[in-house]
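Notes for the one structure printed next.
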Amino acid sequence: MIEKETITIQNLIKKREAQKVISHISQELIERRAYAPKKCKVFSNPYTVLREDTHYRFSVHREARKELPTIADNRVQVLVGLDSPEKSFQQRYSKKRNIGIVFSGGPAPGGHNVIAGLFDAAKKANPETRIYGFLLGPDGIIENEAKELTESLVDAYRNLGGFTMIKTGRTKIDTQEKMALSRETCKALGLEALVIVGGDDSNTNAAFLAHEMFQDGVQVIGVPKTIDGDIQVRDDNGEVLCAMSFGFHTAARAFANEISNLCTDSTSDVKYWHICKVMGRVASHLALEVALQTHPNITLIGEDLADYVDRKRIEKAKKDGTIDHTAYGMTLRHLSRVLCEGIVKRAAVGKNYGVIVIPEGVLEFINEIQVFIIKLNAIIAEYNEMHDTDFHSDFPLLSDKLEYLRKLARRSREDPSFTIWNTRDDDLFDDIPAFFQEGLLTERDSHGNFQFSLVETDKVIMGLVKDHLNTLMEQGTYKIGIEKSYYRKTLKKGGLDPDYFGPILFENYDDPAFLMVKTSIISHRRLKQALIKEGALKEDEKIPGPIEKIFKKSVPKFKTQVHFYGYDGRGSDPTRFDCTYAYNLGLTVFSLIANGATGQMAAIKNLEKGFSSWEPIGIPIVPLMHLEERKGKLALVLEKSVVNVHSPAFRVVKAFREQWLGAVPEKDEYRRPSPIRFAAKSEQERPITLVLNALGK
Ligand code: FBP
């Protein structure tokens, strides 16, 4: 029946109740904007001063000292509260300033609170201080595209996700020209300080800008941002100064909530394996945290795969008197075998479904792929430099790119000194499916990074898994276990004796729980042959219905649903942890600026402990740098922190691997992390990774 319109649309939307639910100002938005994150104790003082803490040990890379001499000797600075310092200090601290802030790289929940913290502290010190937000990332600095941040603007974004207020971008300030333009912008706006909220590449930018503008008196402060969680700082003695970048907790919780819902769906519908790729360009921190939050059946951790040693191969090589280099690190083929093993084991107890978590950057840890990535990075960068054009515009089609690679392989045959791409590389590359070739040749980002988010990592791995499962099916080892009680009921209902047919059909008829159809029975034809051979059926007879039914039930269909968790979690509203963490980072930034620091990164020590132990500090950026391959060359960049396979958090995931795989008749024990809340009592205090790692000391 079609409902009649009883009210005009104009009258409907005039109603107060209707307006309340239609408005974009939701109750959540009102509450988030009004929420005041707690401040670290030191900020209850009217002033803060920096105390150099010399007990932290850092060694500075020779190249970093050479390129960044003005800030190379910076030390860790601890913020200390002051009640009534000398007049001159008060004047310096509270002078009117112009401060610029920019978001750089991918969005991370909490960014707006960094701005709010900086804004509140700066305006409290001097209401005339002006804060400028650079638009669209570092391009805003280069092109002097900025807007002054007002109270109403900042208030509108408090505790909200995204970088919506001023947007972001990935441009790197890596040429003399861009540096000069950035300096000009800082001069034009009369900036005393520039704040760069970003990841490894962006904090590298911050260090170079700090050095470049040292003489101009422009201070540059970095802020550790990235959902990937790969900015973590320890000194040379392993003491943790920054346990995690902001944004990580929210992204992990957002992904975990979605994945936990899939666990529920999967165990209800019992027909799909859900393949969940989660962001994390290189490091697997997000996948690890998601595993701890949800207990999925299988979680790959890239760093663990790289650490893998094939003992059997080593032994064999030893016997042959050779060394097998391929025994170190997992190959793609081996990885697919490991996944299949888990899938087959669950199927044996009737569970042909489950949840697999794959980190976006897992291929980086597979030796054979890593080699291709490095070689192709170098080839593309060299081509661009030599021809002063762009490899991807010159070779728009995959076939063009492959032809170019073939040409390089030919060259290597003619010129033995040319080794970057040889015939073997070309042959191996030819064996890869086209979509993956395309992925490996995909355009690098502006920092020269390989863009893992554009590669269908899951498709590559799951393609191999499906192939191998087919083989196992042909060998009769991938089968669905049949519940014994169900088998008996079905046969009895059809008037057949289960105990007569049981030993003919199953390998383990003695098993009280799940029965496995014999490996030799891999088809309808083989089933008939087995029954005839045992005298249970005549040549001209049809297979009895109940037996047919049981056999069909034992044949697995491997059905997958693929999901990518990345941009969604990155845009999520922050958890209370990230709201508080990022707000205090903003307060710390102002304190560093007011005390004249430059080339430092704001951080909060003791994040892994209760809030009362949090300690705002400044970390020198230069000692965090090392040389890394970028655009085919070695460049100074902040060193990424990857998952430590000896850390308590990883060891917990490893220890529970079998239990979470759930290859037992009992029900799966997934963990429900709940959706993100910022104010509720049940909201988690901090990432589980941090809780566990702190217990390992
Ligand atoms: P940042 O390191 O800049 O914070 O970005 C990390 C990230 O979210 C990765 O997890 C992901 O691989 C990448 O950004 C995606 O990049 P893009 O936004 O350019 O697609």
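All values reported here derive from a predicted model rather than from experimental measurement. Quick note: residue numbers are just sequence positions, from 1. Indexing begins at 1, ligand by ligand and atom by atom, following the structure's order.
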For ligand 1, is there an N or O atom under 3.5 Å from any N or O atom of Tyr567? yes
Could you check whether any heavy atom of Ala108 sits closer than 4.0 Å to an atom of ligand 1, since that is the contact criterion I want to use? no
Taking only non-hydrogen atoms of Lys225 and a 4.0 Å limit, the atoms of ligand 1 in range are 1 (P), 3 (O), 4 (O)
Looking at Met279, which atoms of ligand 1 are within less than 4.0 Å of one of its heavy atoms? 8 (O), 9 (C), 10 (O), 11 (C), 15 (C)
Students should be able to answer this: which protein heavy-atom is nearest to atom 5 (O) of ligand 1, and at what distance? Arg170 NH2, 3.1 Å
Return the closest protein heavy atom for atom 8 (O) of ligand 1 as residue, atom name and distance. Arg570 NH1, 3.0 Å
Any chance CD of Gln451 has more than 12 other-residue heavy atoms, nucleotides or ligands included, within less than 6.0 Å? yes
Under a heavy-atom criterion of less than 4.0 Å, does Gly105 contact ligand 1? yes
Check ion pair Asp304-Lys654 (N to O, under 4.0 angstrom): no
In terms of side-chain geometry, is the basic nitrogen of Glu239 or Arg234 positioned less than 4.0 Å from the acidic oxygen of its partner? no
Backbone N/O of Gly105 and side chain of Thr168: donor-acceptor pair under 3.5 Å: yes
State the atoms of ligand 1, each with its element, that fall below the 4.0 Å cut-off from a heavy-atom position in Gly280. 10 (O)
Under a 4.0 angstrom heavy-atom cut-off, which atoms of ligand 1 come close to Asp228? 6 (C), 7 (C), 9 (C), 10 (O)
Just which atoms of ligand 1 are under 4.0 Å from any heavy atom in Ile227? 8 (O)
Report the part of Thr226 in contact with ligand 1, treating N, CA, C, O as backbone and CB onward as side chain, heavy atoms under 4.0 Å; options are side chain, backbone, both, neither. both
So does Glu683 pair up with Arg253, basic N to acidic O under 4.0 Å? yes
Check this for me: Glu628, atom CD, are more than 12 non-hydrogen atoms of other residues, nucleotides or ligands nearer than 6.0 Å? yes
Tell me whether Arg33 at atom CZ has more than 12 heavy atoms from other residues, nucleotides or ligands lying less than 6.0 Å away. yes
Could you give all pairs that pass the side-chain hydrogen bond (donor to acceptor under 3.5 Å, both in side chains) test and reach residues 220-231, with sequence neighbours left out? none
So for ligand 1, is Glu360 a polar contact partner (N or O within less than 3.5 Å, distance only)? yes
Before signing off on this row, confirm whether Asp200 and ligand 1 have an N or O atom pair separated by under 3.5 Å. no
Nearest protein heavy atom to atom 3 (O) of ligand 1, by residue and atom, and its distance? Gly106 N, 2.8 Å
Basic-acidic side-chain contact under 4.0 Å: Asp120, Arg158: yes
